[in-house]
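Reviewing the structure listed below.
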Amino acid sequence: MPQITKLALQKKNPQRLNVFLDDKFAFGLNLETALLAKLTKGKTISQDQIDKLLKKEQHLQLFDKSLRFLESRPRSEYEVRIYLIKKIATAEGIKFSQAKESTLVEKVILKLKKYKYLNDREFANWLMAARTKSRPKSKLALKVELMQKGIAREQIEETLASFPDEEELARIAVEKKVKRWQALGEVEFKKKLQAYLLTRGFGYEIVKKTFAFFTK
């Protein structure tokens with residue numbers, strides 16, 4: 001079995017350790033992983049032990065990457081799952097369908113959920129709040145977006161049960177643009193308002209009521 005002949009902290013990242021086997025660089029490890037494995041100079045190590053260490057290392061790296069992925073905004077479980085599968089496929093040079101079978105994905109997902117980094121109920125509520133405050137969209141449009149994010153149908157219905165009044169939301173969506181559109185004349189104003197609201201999923205009835213509200 002190969003022997004550990006040198007353990008050296010990486011200069012650019014002192015939280016990682018370079019492991020040398022039989023005087024040749026073999027692999028890098030997170031310092032915590034190395035300490036838990038009780039790696040020491042002079043110790044012999046089997047290929048099976050090396051494989052297990054590298055699996056743990058991959059798990060830690062994927063978990064850390066997931067945390068960085070979650071830094072910019074909340075994500076659904078589905079979004080994180082797809083992110084992890086793509087990372088594994090790229091790292092291992094395999095197809096997406098093959099990476100999809102990796103047990104590491106489930107392990108990382110479970111760890112993220114355990115430490116409350118992933119919660120689809122909280123994500124769905126966050127997304128609804130975000131979509132009703134900034135560039136509001138209709139209930140139907142939000143439902144489609146939640147489905148695309150992989151949220152379960154039951155959870156979507158629960159979240160949308162507290163969706164704001166759509167007529168009020170439509171007025172909020174266009175209120176900053178109304179003065180500029182009204183200056184174009186009634187016909188052009190109606191076209192602009194209709195196109196804008198329709199692209200955000202509001203129906204024709206809501207469009208008609210919104211137009212009436214701003215032209216009364």
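Values in this document were obtained by computation on a predicted structure and should not be read as measured data.
- Side-chain contact annotation: Q148 with E79, donor-acceptor N/O pair under 3.5 Å absent.
- In this structure, CD in E101 is found 9.5 Å from CD1 in I94, a value given to the nearest 0.5 Å.
- A 4.5 Å side-chain heavy-atom check between K41 and K6 finds every atom pair outside the cut-off.
- Ion pairing of R153 with E157 is absent here, as no side-chain N (NZ or NE/NH1/NH2) approaches a carboxylate O to less than 4.0 Å.
- Here Q194 contributes atom CD and T199 contributes atom OG1; the two are 11.0 Å apart, rounded to the nearest 0.5 Å.
- Without hydrogens or angle criteria, S76 side chain to D120 main chain gives no donor-acceptor distance under 3.5 Å.
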Item to check | Working for side-chain hydrogen bond (donor to acceptor under 3.5 Å, both in side chains), residues E188 and Q182 | outcome: CA-CA 8 Å; E188 194 61 29; Q182 286 175 329; over 6 Å; no

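- For the pair K137 (side chain) and F202 (backbone), a donor-acceptor distance under 3.5 Å is absent.
- Salt bridge status for K52 with D48: present, with a side-chain N to carboxylate O gap under 4.0 Å.
- Atom CG of residue L112 and atom CG of residue L118 lie 5.0 Å apart, to the nearest 0.5 angstrom.
- For W181 and Y196, the distance between ring centers is under 6.0 angstrom.
- With a 6.0 Å radius and a threshold of 12 heavy atoms from other residues, nucleotides or ligands, K133 has its NZ atom at or below the threshold.
- Looking at Q155, its side chain never comes within 3.5 Å of a backbone N or O of A152 through a donor-acceptor pair.
- Side chain of T90 to main chain of K86: a donor-acceptor pair is present (N/O by atom type, distance under 3.5 Å, no hydrogens or angles).
- Here OG1 of T44 is found 8.0 Å from CD1 of I4. Values are rounded to the nearest 0.5 Å.
- No chain of hydrophobic side-chain contacts below 4.5 Å, direct or via other Ile, Leu, Val, Met, Phe, Trp or Tyr residues, connects I50 to M1.
- Linking ILVMFWY residues whenever their side-chain heavy atoms come closer than 4.5 Å, directly or via other members, places W126 and I156 in the same cluster.
- Other residues, nucleotides and ligands contribute over 12 non-hydrogen atoms within 6.0 Å of the NZ atom of K111.
- Of the possible donor and acceptor atoms, one in the side chain of Q98 sits under 3.5 Å from a partner among the backbone N and O of K95.
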Checklist entry - After noting the C-alpha distance and the side-chain angles of I109 and E77, does the key distance pass the side chain to side chain contact (heavy atoms under 4.5 Å, CB included) rule? => result CA-CA 7 Å; I109 291 291; E77 182 179 324; 3.9 Å; yes

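- Cation-pi check for R75 over F123 is not met; the charged atom does not lie both under 6.0 angstrom from the ring centroid and within 45 degrees of its normal.
- In this structure, T132 contributes its side chain and A129 its backbone to a donor-acceptor pair below 3.5 Å.
- The main-chain N or O of G42 is found under 3.5 Å from a side-chain atom of Q3 such that the two form a donor-acceptor pair.
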Item to check | Verdict with reasoning, I206 to L169, per side chain to side chain contact (heavy atoms under 4.5 Å, CB included) | outcome: CA-CA 10 Å; I206 295 292; L169 205 57; over 6 Å; no

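- No side-chain heavy atom of L9 sits under 4.5 Å from any side-chain heavy atom of R16.
- Counting only heavy atoms from C-beta outward, the side chains of H59 and K56 never approach each other to under 4.5 Å.
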Checklist entry - Given T210 and E167, is the side chain to side chain contact (heavy atoms under 4.5 Å, CB included) satisfied, shown in steps? => result CA-CA 7 Å; T210 306; E167 287 184 43; 6.0 Å; no

Distance-only criterion, 3.5 Å: show the donor-acceptor pairs between side-chain atoms of residues 61-69 and protein atoms not counting sequence neighbours.
residue: Q61; atom: NE2; partner: E57; partner atom: OE2; Å: 3.2
residue: S66; atom: OG; partner: L62; partner atom: O; Å: 2.8

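- Hydrophobic clustering (side-chain heavy atoms under 4.5 Å, transitive across Ile, Leu, Val, Met, Phe, Trp, Tyr) keeps L53 apart from L60.
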Next on the checklist: Working note: Q10 + N18, criterion side-chain hydrogen bond (donor to acceptor under 3.5 Å, both in side chains); need CA distance, chi angles, decisive distance, verdict.
Outcome noted: CA-CA 6 Å; Q10 295 181 3; N18 287 334; 2.8 Å; yes

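- Using modelled atom types, one side-chain atom of E166 and one backbone atom of K139 make a donor-acceptor pair closer than 3.5 Å.
- A cation-pi geometry, defined here as NZ or CZ lying under 6.0 Å from the six-membered ring centre and within 45° of its normal, holds between K190 and F211.
- To the nearest 0.5 angstrom, Q47 atom CD is 9.0 Å from L21 atom CG.
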Next on the checklist: Show, in sequence, the C-alpha distance, side-chain angles and deciding distance for L29 and L39, and conclude whether the side chain to side chain contact (heavy atoms under 4.5 Å, CB included) test is met.
Outcome noted: CA-CA 11 Å; L29 279 182; L39 298 186; 3.6 Å; yes

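- Between the OG1 atom of T159 and the CD1 atom of I151 there is a distance of 7.5 Å, given to the nearest 0.5 Å.
- Around the CD atom of E32, the shell of radius 6.0 Å holds no more than 12 heavy atoms that belong to other residues, nucleotides or ligands.
- Taken together through direct or relayed side-chain contacts under 4.5 Å among Ile, Leu, Val, Met, Phe, Trp and Tyr, L142 and I172 form parts of separate hydrophobic clusters.
- The hydrophobic cluster containing L198 also contains V178, counting ILVMFWY residues as joined when their side-chain heavy atoms lie under 4.5 angstrom apart, directly or transitively.
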